[in-house]
Every structure is written in structure tokens, then in C-alpha cells.
K.L.:
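Here you go, one structure.
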Amino acid sequence: MKNIAVFGAGYVGLTSAVIFANSGYNVTLIEISPSRLKKLEDGKSFFYESGVNELLAQALSAKNLSVTNNSEQALKNAEVVFSCVGTPDNPDGSSNLQYVFDVAESVIKQTQDNVIFVQKSTVPVGTGQKIEALFKKHSRKISYASNPEFLREGTAVQDSLWFDRVVVGSNNTTAANLVLDIYRNVEKNKLKLAKLAGVKPKRNTPSLYVKTSRNSAELTKVTANAFLALKISFANSIAKLADAAGADVVEVMDAVGSDRRIGRAFLNAGRGYGGGCFPKDVSGLISSAEDYGVDLPIMTATTDVNESMPGYIANKANNSLGELKDKRVAVLGLAFKAGTSDARKSPGVKLANILDKSGALVKAYDPHASQEAKQDLRSNIIISDSIQDAVKGADAVFVTVDWPEFKTLDFSWLKSKMKGNIFIDAVNAFEADELKSCGIEYIGVGRS
Ligand code: UDX
């Protein structure tokens, strides 16, 4: 089995395609956006992700990868088709499955018999059943496998090579085994691929290969993301209590997280979660549960807490700064987290907009995400092209992403550039004492 087609050159599709191609498969990547396609043909990804451009260049020059917008040509010889297209949220929070069904239609019309259709797009539980019914209706012999993706932006290549588990759910065992074999092959090649990509190998931990039913695999993906989002909102709820009671949420979570039953990961309080996954996966889970007549108040609360955080942080600043109107503030960080240019549902953008709405004069800076954030920022907000420009004359500085260039800031230098002395650490990544020793007042989240 050699020929793979991948639909969608987003974070998941492009990363998967370049990894499969450099593991010895012939991969055709189908992308319908002309601007993204043009960039790919020039050997460049449309997003910033460590190692992806290197793997792309290598796969294109070795001719293991081709990119096209012509699905008919791409599907002609495909033996396995990965669907990695977007499932954005509808205004009511449900998942928009238009692209997923478009791919299914192309597969029905354009593939050979016995092809395996692998669903990597995040879909509500029950979607695979509907697609299998479509295959049957058109009398097509196509096997369906759900293969949810767990890679994180910023560490996508490493996560794909050193994975905790690969989950494949299918009612066809042969198809499930063939899909798992692709990942076994990737795992065999991981050191070579890491070298090509220029990413650091991760600590070797056992990689699990998990076979489940189709529906269980679909539900696994959204459940994993929803649980991580729940952990973050739980930490943020405790942060508010820590602020009120005079405790430090970082100390609390360090101690609580050292219990191996709980774990320390995803208990970092701050401005809340954003990005292309958690917000839409939580709302998609709530909405799909409703379709099955199941209420998930725990997830509604997760969303509510998350949405409250940027406003909560702006309020904390207000307590120290007084009226925000006409205050000069710098927001450092527009990406939804460090390591990516992705600014979708970015908490830093939300915070900048809240500050602007309160009448503050906002300058924002991000080393990689300014362009992507621009469309979501209110028109008064000035995007700076350097930290220095953003913080010059500021009454307060908000850090909303723990980019390395922010974490290594020289605080004496910072103080000399600012007019005021308020530093709001919306990611709890700094030490209050270090800032205080430079004459800066530190405000964290849950660190009173
Ligand atoms: C997530 C999942 O981790 C990944 O497995 C899935 O495939 C896609 O969704 P991603 O969205 O890339 O990945 O980012 P992640 O690192 O999980 O962070 C999500 C958001 O939560 C970010 O805004 C991050 O800053 C925030 N976060 C994370 C916190 O606020 N606190 C934490 O403790 C951890």
C-alpha cells in the first residue's frame, strides 16, 4: 500500500501529508484555496509551524509529494484517502460538516474500489455512520475509519512522530490494521524525520496503537479536548478564589498536580484557552449531545468560565490602574498560544478588544501572529512591529502569550521604556519578585 491522498492543507492535513511523504508513501495533497496552493507549490506553508516547511521542501524535491486542486486526478490511484478538512463552528455552536461531506462525495465519485476513507477531521459522533450510509446508497465498496488527530499547534511535527497513542475506529478490522500500519511505519522513521525537520526528538515513551469501534473513536477526539478545556477552566475558577482568598494558584496547582491521579498538565490558569480546537470542540460536543437528548452542563460551565477570563483580567488591571480610559497599554501576544501564528479565538485579541472598548489606547505586538490577528482586532488598536514600540510610554503592559522573547525580557529596560509600572501577567509565566526588584508592580491571575 503506497498511494495516499490527503484532503486539506491545514495544520493537520499538511503536517500529516509531509510526514507520510517522508516515510516512503506517494502522497497527493488536495487544497482548494488558490493562495494556499500557490504557497505550497513554492514550498511554503501558509502557517508558521516548526519543521513543516523543511519536510515540505524535502518531500517536494524527492517527488514523494504533489499538491493539486484537482481531486479527480489525485484520487485516481489513491488506496487510502485522509480527510483533513476544516469543521468550523456554526453560529449556534454546532459543527459545520459541509467540507467533510464534500470530500465524501468526491471519494464516492472518483476513487477505485476497496479504497479506505480515513476521517481525521474532528466530527461529532455519528458522522461516520452517515457517511457509511452514503457509500452504501451509492453501492460503493469503501471502508471507513475514524482516526482522530491529537497534534498540538507549535509542536505538530514532534507530536506526530512521538505520539502517546494512535486511535483508529472502524467496523472493518482489515482497514483499521492497514491504517495503523501507516503510523507504525512513521514511528520507525521518526528519528530520520525529526532530523530532516530540524525538530528535537522527544523523550521516548511507549506509543499505543488503539483499535476501537467507529463511534468510540469519533467520541474520543472531542472528549479528550473537552477534558483538557475543563481542566483549564477548573484552574481558572480556582485562580479567582485564590485571588479573593490570598493564595497562589501556581503553588496550589503544583501541589495538586503532583498527585499522579490528577497530573499537572493543563492546570495553568490565565487568560483562558483559544485556538481552532478547544472552543469549537467544546461547543460541538454540547451541540451534538443535545442532538442525542443529553445535557452537558459541565461543558457549558467550562465555556462560561473561559469566556469570563479576558474581562476578569481587564478588571484586575482596572483595580490597579484606575479608569482605563485614555491609559496607554501594550498587549504582548496575539497568537492563541506560543509557537504558532494562529490567532483564531485568541484570548490576547479578546483582551486587547476589551481594553480598547474601555477607552484605553492599545498597542499590540506579536512576533508571528500580527497579520492573522488583524482582522479580529478593533480598528483603533495599533499593531506594533517591535516590543519596544508597543511598550514605549505605556502605563501598563499585558503579556498574553509566553513567547520566549517575552519571557526573556530585561525588566529594567522595560521599566525605562514605560511611563507607568503595571505588568499584567495573563499567562502566569513570570516571577513577581524579579519584576518588583526593577520597580514594576506585578499582577498575575490567581497569584495575590
Ligand atoms: C489542542 C489539543 O491539545 C490537541 O491534542 C488537539 O489535537 C488540538 O487541540 P492546540 O489547540 O494546538 O491543541 O493547543 P493546546 O496546547 O492544547 O492549547 C490550547 C489552549 O489552551 C491555548 O490557548 C493554551 O494557551 C491554553 N492553555 C493550555 C491554558 O490556558 N492552560 C493550560 O494549562 C494549557
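Atoms within each ligand, like the ligands themselves, are counted from 1 in listed order.
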K.L.:
Within the structure, does Glu153 bring an N/O atom to less than 3.5 angstrom of an N/O atom in ligand 1?
P.N.:
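Yes: some nitrogen or oxygen of Glu153 is under 3.5 Å from one in ligand 1.
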K.L.:
Does Lys231 have a heavy atom less than 4.0 Å from any atom of ligand 1?
P.N.:
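Under 4.0 Å: no for Lys231.
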K.L.:
Quick check: does Arg152 get an N/O under 3.5 Å from an N/O on ligand 1?
P.N.:
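Among all N and O atoms of Arg152, none is under 3.5 Å from an N or O of ligand 1.
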K.L.:
How close does the nearest protein non-hydrogen atom get to atom 31 (N) of ligand 1, and which residue and atom is it?
P.N.:
Asn268 O, 3.0 Å
K.L.:
Short list, please: which atoms of ligand 1 are under 4.0 Å from a heavy atom of Phe266?
P.N.:
17 (O), 28 (C), 32 (C), 33 (O), 34 (C)
K.L.:
Within the structure, does Leu228 bring an N/O atom to less than 3.5 angstrom of an N/O atom in ligand 1?
P.N.:
no
K.L.:
Side chain, backbone, both or neither: which part of Leu267 has a heavy atom under 4.0 Å from ligand 1?
P.N.:
backbone
K.L.:
Just which atoms of ligand 1 are under 4.0 Å from any heavy atom in Glu149?
P.N.:
7 (O)
K.L.:
Return yes or no for this condition: an N or O of Phe150 is under 3.5 Å from an N or O of ligand 1.
P.N.:
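There is such a contact, yes.
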K.L.:
Heavy-atom count around Lys192 NZ within 6.0 Å, excluding the residue itself: above 12?
P.N.:
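Yes, NZ of Lys192 has more than 12 neighbouring heavy atoms, counting only those of other groups under 6.0 Å.
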K.L.:
Within the distance-only criterion (no hydrogens, no angle test), does the side chain of Ser213 pair as donor or acceptor with the backbone N or O of Ser216 below 3.5 angstrom?
P.N.:
yes
K.L.:
Are Glu132 and Arg214 close enough for a salt bridge, meaning some N to O gap below 4.0 Å?
P.N.:
yes
K.L.:
Specify whether His368 and Trp403 have parallel, tilted or perpendicular ring planes, treating 30° as the upper limit for parallel and 60° as the lower limit for perpendicular.
P.N.:
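His368 and Trp403: tilted rings.
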K.L.:
Which is it for Lys280 and Thr87 under the side chain to side chain donor-acceptor pair (under 3.5 Å) test, yes or no, and what are the steps along the way?
P.N.:
CA-CA 9 Å; Lys280 99 175 160 60; Thr87 51; 3.1 Å; yes
K.L.:
Below 4.0 angstrom from a heavy atom of Lys221, which ligand 1 atoms are there? Numbered from 1 as shown, please.
P.N.:
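Contacts of ligand 1 toward Lys221, numbered from 1: 7 (O).
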K.L.:
Can a cation-pi geometry be assigned to Arg165 and Phe150, taking NZ or CZ under 6.0 Å from the six-membered ring centre and within 45° of the ring axis?
P.N.:
yes
K.L.:
Minimum heavy-atom separation for Ser386 to Asp389, with atom names?
P.N.:
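Heavy atoms of Ser386 and Asp389 come nearest at OG-N, 3.0 Å.
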K.L.:
Which protein heavy atom lies closest to atom 23 (O) of ligand 1, and at what distance to 0.1 Å?
P.N.:
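Among all protein heavy atoms, the one nearest atom 23 (O) of ligand 1 is Phe336 O, 2.8 Å.
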K.L.:
Give me the nearest non-hydrogen protein atom to atom 9 (O) of ligand 1 as residue plus atom name, then the distance to 0.1 Å.
P.N.:
Cys277 CB, 3.1 Å
K.L.:
With a 4.0 Å cut-off, would you call Asp159 and Lys202 a salt bridge?
P.N.:
yes
K.L.:
Given Arg271, Lys280, Lys337, identify the one with the heavy atom nearest to atom 14 (O) of ligand 1.
P.N.:
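Looking at heavy atoms only, Lys337 sits closest to atom 14 (O) of ligand 1.
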K.L.:
Is Arg184 salt-bridged to Glu187, going by a charged N under 4.0 Å from an acidic O?
P.N.:
no
K.L.:
Considering the heavy atoms of Tyr273, write down every atom of ligand 1 situated less than 4.0 Å from one of them.
P.N.:
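Answer, ordered by atom number: 20 (C), 21 (O), 23 (O), 26 (C).
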K.L.:
Stepwise, does the side chain to side chain donor-acceptor pair (under 3.5 Å) test hold for Asn236 with Tyr312?
P.N.:
CA-CA 10 Å; Asn236 281 331; Tyr312 176 76; over 6 Å; no
K.L.:
For Tyr442, does the OH atom have more than 12 heavy-atom neighbours from other residues, nucleotides or ligands under 6.0 Å away?
P.N.:
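Yes, OH of Tyr442 has more than 12 neighbouring heavy atoms, counting only those of other groups under 6.0 Å.
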K.L.:
State the atoms of ligand 1, each with its element, that fall below the 4.0 Å cut-off from a heavy-atom position in Gly272.
P.N.:
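Counting from 1, the qualifying ligand atoms are 30 (O).
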K.L.:
Where is the nearest protein heavy atom to atom 29 (C) of ligand 1: which residue, which atom, and how far?
P.N.:
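Looking only at protein heavy atoms, the one closest to atom 29 (C) of ligand 1 is Ile232 CD1, 3.5 Å.
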K.L.:
For atom 1 (C) of ligand 1, find the nearest protein heavy atom and state the residue, atom name and distance (0.1 Å precision).
P.N.:
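Going by distance alone, atom 1 (C) of ligand 1 is nearest to Phe278 CE1, 3.4 Å.
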K.L.:
Do ligand 1 and Leu151 have nitrogen or oxygen atoms that lie under 3.5 Å from each other?
P.N.:
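The answer is yes, given that Leu151 and ligand 1 share an N or O pair closer than 3.5 Å.
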K.L.:
Which protein heavy atom lies closest to atom 2 (C) of ligand 1, and at what distance to 0.1 Å?
P.N.:
Asn225 OD1, 3.5 Å
K.L.:
Counting only heavy atoms from other residues, nucleotides and ligands, does the tally under 6.0 Å from CG of Leu60 exceed 12?
P.N.:
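Yes.
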K.L.:
Decide whether the shortest distance between a heavy atom of Gly270 and an atom of ligand 1 is less than 4.0 Å.
P.N.:
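It does not; every heavy atom stays at 4.0 Å or beyond.
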